[in-house]
Participant: 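Dumping the structure here so I can ask a few things about it.
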There are 2 protein chains.
Amino acid sequence: MTKILQDDRSATIDAQFKALSDGTRRALLEHLVREGEQSVHALTAISGVSQPMVSRHMAKLKRAELVTVRRAGRETFYAARAKGLAPVVQWMAVYGALWSQRFTALEGIEA
Amino acid sequence: MTKILQDDRSATIDAQFKALSDGTRRALLEHLVREGEQSVHALTAISGVSQPMVSRHMAKLKRAELVTVRRAGRETFYAARAKGLAPVVQWMAVYGALWSQRFTALEGIEA
DNA sequence: AAATGCCATAACCATAGGGTTATGAATGAT
DNA sequence: ATCATTCATAACCCTATGGTTATGGCATTT
């Protein structure tokens, strides 16, 4: 075994948090969520970065299982993946719960 | 103005996602959430990295407003900050909502 | 067949980032 | 006063990463 504290689930969580930690990548993902499936060409147009950079960002989002790919002729369409955020949401649920549980008594005190 | 798409809120979101994107940092934060306030010394003991590294990780978590600090003598105590995850949770709520809204019809199809 | 358009990969640069050891400033103990 | 403990910062190394331009492979158009 490699690292005890890094099973498959936390590996995915790690990949997802890392994928979401870049503003450009989040913007691309947000655009997919709002507008639906988009080609690399279209994403490049709204991203503010070069086409190769978009391709690399999308590759990273794909490795994090946050998007799906569909190739059609010379175009490549990316789409937000259903249930993609599940691992991160679950992490938030677990620690958010403990968190609020621990701080329930303080609710309202801190801004 | 600097960047249009990066207001104060998204700056915090950026810092939080970045802060959460490292496994060691998440482990430290998880420990604080589960066990409550801890000194740097105690955190170093369970972190698997050197004390200076712990200090730097905690500094980053603090900048992301995910922890609070309390100095007592020669010890420094860190604690998970109440409502710390709020910005990220809100982001998840917004995009998670659009997400599930978009995919409601597909529920159950994709694994 | 030739030209054009779309995309991924390679090569490269600069900076950020995780890790270390060394050091110094305070505080607490002897 | 001296010694020991706790922590933050500095200096350094190496890798990861965001960005670029250049290139080549396919698909579509002409």
Side-chain angles (χ1 to χ4, degrees), chain A residues 2-3 5-6 10-32 35 37-64 66-79, chain B residues 2-3 5-6 10-32 35 37-64 66-79:
Chain A
T2 53
K3 281 187 181 177
L5 291 175
Q6 297 236 339
S10 68
T12 299
I13 290 179
D14 206 69
Q16 294 204 337
F17 271 122
K18 279 195 169 65
L20 294 172
S21 71
D22 179 71
T24 302
R25 226 143 39 210
R26 273 201 313 283
L28 287 167
L29 189 57
E30 289 166 7
H31 193 253
L32 289 185
E35 307 293 331
E37 191 183 61
Q38 299 282 323
S39 71
V40 172
H41 189 66
L43 289 173
T44 300
I46 59 101
S47 68
V49 296
S50 63
Q51 172 267 309
M53 204 60 232
V54 172
S55 286
R56 275 175 42 185
H57 279 312
M58 299 316 293
K60 199 155 200 170
L61 287 172
K62 175 146 190 307
R63 263 178 265 128
L66 289 170
V67 298
T68 56
V69 194
R70 180 176 70 88
R71 311 202 54 172
R74 58 186 169 184
E75 288 179 279
T76 303
F77 292 93
Y78 287 93
Chain B
T2 53
K3 281 188 182 176
L5 293 175
Q6 297 235 340
S10 67
T12 299
I13 290 179
D14 206 69
Q16 294 205 338
F17 271 121
K18 278 194 170 66
L20 294 172
S21 72
D22 180 70
T24 301
R25 227 144 39 210
R26 274 201 312 281
L28 287 167
L29 189 57
E30 290 165 7
H31 192 253
L32 289 184
E35 307 294 331
E37 191 183 61
Q38 300 282 324
S39 71
V40 171
H41 188 68
L43 289 173
T44 300
I46 58 100
S47 69
V49 296
S50 64
Q51 173 267 309
M53 204 61 231
V54 171
S55 286
R56 274 174 43 184
H57 279 312
M58 298 318 291
K60 200 155 199 170
L61 287 172
K62 174 146 190 307
R63 263 177 265 127
L66 288 169
V67 298
T68 57
V69 194
R70 179 176 70 89
R71 311 202 55 171
R74 57 184 171 185
E75 290 178 281
T76 303
F77 292 93
Y78 287 93

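Below, chains carry the letters A, B, ... as their sequence lines are ordered, and counting in each starts from 1.
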Participant: Within the distance-only criterion (no hydrogens, no angle test), does the side chain of B:Lys62 pair as donor or acceptor with the backbone N or O of B:Val67 below 3.5 angstrom?
Facilitator: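 Absent.
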
Participant: Taking only the side-chain nitrogens and oxygens of A:Ser39, find out if one of them lies under 4.0 Å from OP1 or OP2 of C:dC6.
Facilitator: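 For A:Ser39, the contact criterion (side-chain N or O under 4.0 Å from OP1 or OP2 of C:dC6) is not met.
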
Participant: Show the nearest heavy-atom pair for residues B:Thr44 and B:Val49, with the distance to one decimal.
Facilitator: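 Shortest heavy-atom separation between B:Thr44 and B:Val49 comes out as CG2-O, 3.7 Å.
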
Participant: Check this one for me: any side-chain N or O of A:Thr76 less than 4.0 Å away from OP1 or OP2 of D:dC26?
Facilitator: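 Answer is no, no contact under 4.0 Å.
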
Participant: Tell me the interatomic distance from A:Phe17, atom CZ, to C:dG18, atom P, rounded to whole angstroms.
Facilitator: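 These atoms are roughly 15 Å apart.
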
Participant: Please name the pair of heavy atoms, one in A:Ala19 and one in A:Leu66, separated by the smallest distance, quoted to 0.1 Å.
Facilitator: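 Nearest heavy atoms, A:Ala19 then A:Leu66: CB-CD1, 4.0 Å.
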
Participant: Given C:dC7, C:dA10, C:dG18, identify the nucleotide with an atom nearest to the side chain of A:Ser55.
Facilitator: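 Comparing C:dC7, C:dA10, C:dG18 against the side chain of A:Ser55, the answer is C:dC7.
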
Participant: Kindly give the heavy-atom pair with the smallest separation between A:Ser21 and B:Lys18, and that separation in Å.
Facilitator: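 Scanning both residues, the minimum pair turns out to be O-NZ, 3.1 Å.
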
Participant: Quick check: closest heavy atoms across A:Leu28 and A:Ser47, and the distance to 0.1 Å?
Facilitator: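 Reported closest heavy-atom pair: CD2-CB, 3.9 Å.
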
Participant: Is the closest side-chain donor-acceptor distance between B:Ser55 and B:Gln51 under 3.5 Å?
Facilitator: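 Indeed, the side chains of B:Ser55 and B:Gln51 share at least one donor-acceptor pair under 3.5 Å.
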
Participant: Are A:Tyr78 and C:dC7 close enough that a side-chain N or O sits under 4.0 Å from OP1 or OP2?
Facilitator: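 So the side-chain polar atoms of A:Tyr78 never come under 4.0 Å of the phosphate oxygens OP1 or OP2 of C:dC7.
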
Participant: Round to the nearest Å and state the distance from A:Asp22 atom CG to D:dA16 atom P.
Facilitator: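 Result: 17 Å.
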
Participant: Give me, pair by pair, the N or O atoms of the protein and of nucleotides 11-15 of chain C that are less than 3.5 Å apart, along with how far apart they are.
Facilitator:
none

Participant: Could you tell me whether the side chain of B:Arg25 and the main chain of B:Leu20 form a donor-acceptor pair under 3.5 Å?
Facilitator: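 Between the backbone of B:Leu20 and the side chain of B:Arg25 there is no qualifying donor-acceptor contact (under 3.5 Å).
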
Participant: Specify the separation, in whole Å, of atom CZ of B:Arg74 and atom P of D:dA4.
Facilitator: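 Answer to the nearest Å: 12 Å.
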
Participant: Mind checking if A:Phe77 touches a base, just sugar-phosphate, or nothing, with heavy atoms under 4.0 Å?
Facilitator: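 If one applies the 4.0 Å heavy-atom cut-off, A:Phe77 turns out to touch nothing in the nucleic acid.
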
Participant: Just how far is it from atom CZ of B:Arg70 to atom CD of B:Glu37, taken to the nearest 0.5 Å?
Facilitator: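 So the gap between those two atoms works out to 4.0 Å.
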
Participant: Considering all heavy atoms of both residues, which atom of B:Phe77 and which atom of B:Ala72 are nearest to each other, and what is their separation?
Facilitator: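 Taking B:Phe77 first and B:Ala72 second, the nearest heavy atoms are CE1-CB, 4.0 Å.
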
Participant: What integer distance in Å separates A:Met58:CE from D:dT17:P?
Facilitator: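 Computing the A:Met58:CE to D:dT17:P distance gives 17 Å.
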
Participant: Take the protein atom NE2 of B:His57 and the nucleotide atom C1' of C:dT20, then report the distance between them rounded to whole Å.
Facilitator: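 From B:His57 NE2 to C:dT20 C1': 12 Å.
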
Participant: Quick one: B:Lys18 NZ to D:dA16 C1', roughly how many Å, whole number?
Facilitator: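 So the NZ-C1' distance, B:Lys18 to D:dA16, works out to 13 Å.
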
Participant: For A:Glu75 and C:dA8, give me the distance from atom CD to atom C1', rounded to whole Å.
Facilitator: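 Atom CD in A:Glu75 sits about 15 Å away from atom C1' in C:dA8.
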
Participant: Give, ordered by number, those residues of residues 40-51 of chain B having at least one heavy-atom distance below 4.0 Å to an atom of DNA chain C; if nothing qualifies, reply none.
Facilitator: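 Contacting residues: B:Val49, B:Ser50.
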
Participant: Report the distance from atom CG of B:Leu61 to atom P of D:dA8, rounded to the nearest whole Å.
Facilitator: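 Taking atom P of D:dA8 as the reference, CG of B:Leu61 is at 12 Å.
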
Participant: How do A:Ser21 and A:Gly73 order along DNA chain D: which one's closest nucleotide is nearer the 5' end?
Facilitator: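 Of the two residues, A:Ser21 wins.
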
Participant: Whether A:Arg71 contacts D:dC26 is assessed here as follows: a side-chain N or O lying under 4.0 Å from the phosphate OP1 or OP2. Is that the case?
Facilitator: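 No, because none of the side-chain N or O atoms of A:Arg71 sits under 4.0 Å from OP1 or OP2 of D:dC26.
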
Participant: What residues form a ring pair (Phe, Tyr, Trp, His ring centres under 6.0 Å) with A:Tyr78, not counting sequence neighbours?
Facilitator: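 Not a single residue meets the ring pair (Phe, Tyr, Trp, His ring centres under 6.0 Å) criterion with A:Tyr78.
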
